[in-house]
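Structure first, then comments.
FYI, side chains are in, hydrogens and waters are out, and symmetry mates aren't considered; it's all heavy atoms of this structure.
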Number of protein chains: 2
Amino acid sequence: MTLTIRSESAASAPSPSDPTRVAVSTVIFTLRRPDGCDLPVLSLPLVRRTRDPYGDFWALPGGWLDADEELEDAASRTLGETTGLAASYLEQLYAFGAIDRSPSRVISIVYWALLRSDDVDAQLAAHLAAGDAPENVEWFDAAHLPTLAFDHNAIVDYALWRLRNKVGYSRIAHGFLPGSFTLAELREVYEAILERRLDPANFRRQVEGSGTLIPTDDFRTGSHRPARLYRYNHDVELSDRGPLGTAPPASREQSATPHTPKEAR
Amino acid sequence: MTLTIRSESAASAPSPSDPTRVAVSTVIFTLRRPDGCDLPVLSLPLVRRTRDPYGDFWALPGGWLDADEELEDAASRTLGETTGLAASYLEQLYAFGAIDRSPSRVISIVYWALLRSDDVDAQLAAHLAAGDAPENVEWFDAAHLPTLAFDHNAIVDYALWRLRNKVGYSRIAHGFLPGSFTLAELREVYEAILERRLDPANFRRQVEGSGTLIPTDDFRTGSHRPARLYRYNHDVELSDRGPLGTAPPASREQSATPHTPKEAR
DNA sequence: ACAAAAGTGTTAGCAGTACACCCATGC
DNA sequence: GCATGGGTGTACTGCTAACACTTTTGT
């Protein structure tokens, strides 16, 4: 007698009444400088839920996965709908599917993203000027979140852990910055993420020696001695995500191109 | 005018005719010593598909996610159905959901697992003795796979990358070994995974200094000078998976407890 | 002139590597 | 005895942390 083993989708499909649904959510990080404070802090946008379950709770931006939509596109879409911006970095975080995380069975495929600080500031200023700020979206300090809907607190914790880890062996810190920046600005990003001061001298040597930065001929002036501006060297792509790194939709375009926010339907 | 932004499951559920289905597959690694060869090689079990799409192709073990089944349980279940064993290590790898990866939309949440070599050898010997070896399951050398069904070749590549990475900063190598083992056996595991020889002297110092091993009073005899047996120190759990590390089902029980393979239905 | 940030130099310590060497056992 | 793997000692190298120091600007 021999075993008969099933492989994926070899057997009949699940019954159509299967209530398992797939959602895509995104933990969106940026760095914001609180008025008066010297060090920027990690912030993320949250959406206030309008109905049960968890009505009135804050939740991660997200939505149901469209049948003909790539996972990463769904993350980009909801990110754009929430912030009106395009991410400078986007990566899958984890698939959360515990049975009890929602009254009905929901599999959430969660992404995490970075937004350039200047993009965010510009968008907020524009909303302020036009008076059309979305009223159910708010930016929160990542270190002081309220109780969120579902398991979203745990999800943010995990995303923070990944960010802090990844900043050590990859160059994602550039995701918060515009095309050119000073070493002090880059160091400030690292300090905000890692929550500790770094030696300017050693930081300079490390990052200069890594070959990931190209010095420009421009300088940032304004206070004290002018600082040279650098830009990211796109030639060196370290194998951050292994074989997945370059394979998926290489939408490594311009992060400066803001989405057109979809207005209320 | 204000934007109305949806958060996950705030809006109405997708139409019930939505054909998106969720599957769970697992890349299962073990180390097998090819007859005569001195160095063990990474191997994984594959399942031959019996129907289209990709009929007769080899594929990763997996199946549809049951509505009332945790993701990790689904991985354990199909792993047990395929091998008759329980994994010594199990972790989520990635959620693959490209639209064109299957004729119908399938989201595959893929796990990766380790099996103890001695468990696998015992199971194979038992099947040989009883003559009930499953005919549609076969072990393949991870370095020389045929063309697999769906995107499973890319998935295995990614799993291999994760394994090779993780062996550097965590102690998953023990997942291949029984409760007690010599340093040479542990080193052999590292050498097989990393595909390069390691200096025995330096390897000893590194692993002894890490505090992850506890020396026992037993020795492995048989050839030349007896070698001390060590066992894994379960007290030191390095934060492999961050906040997710200890939270999920802490089924860190005995890997020696083999599943009862479910026979053909 | 002075404060403050940009940028350079120097040193100590630590981890990884290479390799020479002794120890204990089976044959 | 001798081959073989177990186990120890030691020197070298490269990276990091710490910190003294020079340079260049705004005020």
Side-chain angles (χ1 to χ4, degrees), chain A residues 33 36-40 164-171 173 177 180-231 236 238, chain B residues 33 36-40 164-171 173 177 180-231 236 238:
Chain A
R33 194 178 304 275
C37 258
D38 52 343
L39 220 95
R164 297 206 165 104
N165 254 305
K166 198 135 195 170
V167 85
Y169 63 86
S170 82
R171 299 300 158 217
L177 295 173
S180 64
F181 45 84
T182 68
L183 288 181
E185 287 163 350
L186 182 60
R187 178 167 47 85
E188 213 175 33
V189 172
Y190 277 83
E191 290 179 338
I193 296 173
L194 300 175
E195 287 178 313
R196 65 191 177 91
R197 314 299 306 208
L198 300 174
D199 185 304
N202 296 329
F203 182 80
R204 162 182 301 274
R205 266 182 299 253
Q206 263 179 256
V207 78
E208 273 183 339
S210 74
T212 55
L213 290 192
I214 300 173
T216 71
D217 292 332
D218 299 325
F219 288 81
R220 168 98 65 231
T221 182
S223 71
H224 312 298
R225 174 172 173 178
R228 185 180 291 279
L229 289 173
Y230 291 78
R231 58 186 180 81
V236 283
L238 35 168
Chain B
R33 194 177 303 275
C37 258
D38 51 344
L39 219 94
R164 297 207 165 104
N165 254 306
K166 198 136 194 171
V167 84
Y169 63 88
S170 81
R171 299 301 158 216
L177 295 172
S180 64
F181 45 84
T182 68
L183 289 181
E185 286 163 351
L186 182 61
R187 178 168 46 85
E188 213 174 31
V189 171
Y190 276 84
E191 290 179 339
I193 294 173
L194 300 175
E195 288 180 311
R196 65 190 177 92
R197 313 300 305 208
L198 299 175
D199 185 305
N202 296 329
F203 182 81
R204 161 182 301 275
R205 266 182 299 252
Q206 264 178 255
V207 78
E208 273 181 341
S210 74
T212 55
L213 290 192
I214 300 172
T216 70
D217 292 332
D218 300 326
F219 289 80
R220 169 98 67 229
T221 181
S223 71
H224 313 299
R225 174 172 172 178
R228 185 179 292 278
L229 290 173
Y230 290 79
R231 59 186 179 81
V236 285
L238 35 168

Legend entry - Donor-acceptor contact present, side-chain A:T216 to main-chain A:L229, <3.5 Å: yes
Legend entry - Side-chain donor or acceptor of A:R187 paired with backbone N/O of A:F203 under 3.5 Å: no
Legend entry - Any donor-acceptor N/O pair, B:R164 side chain to B:I193 backbone, under 3.5 Å: yes
Legend entry - Spacing of B:F203 atom CZ relative to C:dA18 atom P, expressed in whole Å: 15 Å
Inset, instruction - Let me know the distance between CG of B:L183 and P of C:dC23, rounded to the nearest Å. - result: 20 Å
Inset, instruction - Return yes if some donor-acceptor pair links the side-chain N/O of A:E185 with the main-chain N/O of A:T182 below 3.5 Å, else return no. - result: yes
Legend entry - Nearest-Å distance for atom pair CZ/C1', residues B:R204 and C:dC23: 12 Å
Inset, instruction - Can you tell me the distance, in whole Å, between the CG atom of A:L186 and the C1' atom of C:dG7? - result: 16 Å
Legend entry - Between C:dA5 (P) and A:E188 (CD): distance, integer Å: 11 Å
Inset, instruction - Show your reasoning for whether side-chain contact (heavy atoms from CB on, under 4.5 Å) applies to A:L39 and A:R197. - result: CA-CA 10 Å; A:L39 220 95; A:R197 314 299 306 208; 2.9 Å; yes
Legend entry - A:S180 (side chain) donor-acceptor with A:Y230 (main chain) under 3.5 angstrom: no
Inset, instruction - Taking A:R231 for its side chain and A:L213 for its backbone only, find out whether a donor-acceptor pair lies under 3.5 Å. - result: no
Legend entry - Atom-pair distance (CG on A:L213; P on C:dG7), nearest Å: 12 Å
Inset, instruction - Let me have a per-nucleotide readout for nucleotides 11-19 of chain D, 5' to 3', with B, S or -, counting only protein heavy atoms under 4.0 Å. - result: -----SBBB
Quick test: give all pairs of protein nitrogen or oxygen and nucleotides 23-27 of chain D nitrogen or oxygen below 3.5 Å, distance rounded to 0.1 Å.
{"from": "D:dT23", "atom 1": "O2", "to": "A:R225", "atom 2": "NH1", "distance (Å)": "2.6"}

Inset, instruction - Starting at atom CD of A:E208, determine the distance to atom P of C:dG7, rounded to an integer number of angstrom. - result: 8 Å
Legend entry - Lys/Arg-Asp/Glu bridge criterion (N-O < 4.0 Å) met for A:R33, A:E188: yes
Inset, instruction - Mark yes or no for whether B:E195, through its side chain, and B:A192, through its backbone, hold a donor-acceptor pair below 3.5 Å. - result: no
Inset, instruction - For A:L229 and C:dA6, give me the distance from atom CG to atom P, rounded to whole Å. - result: 12 Å
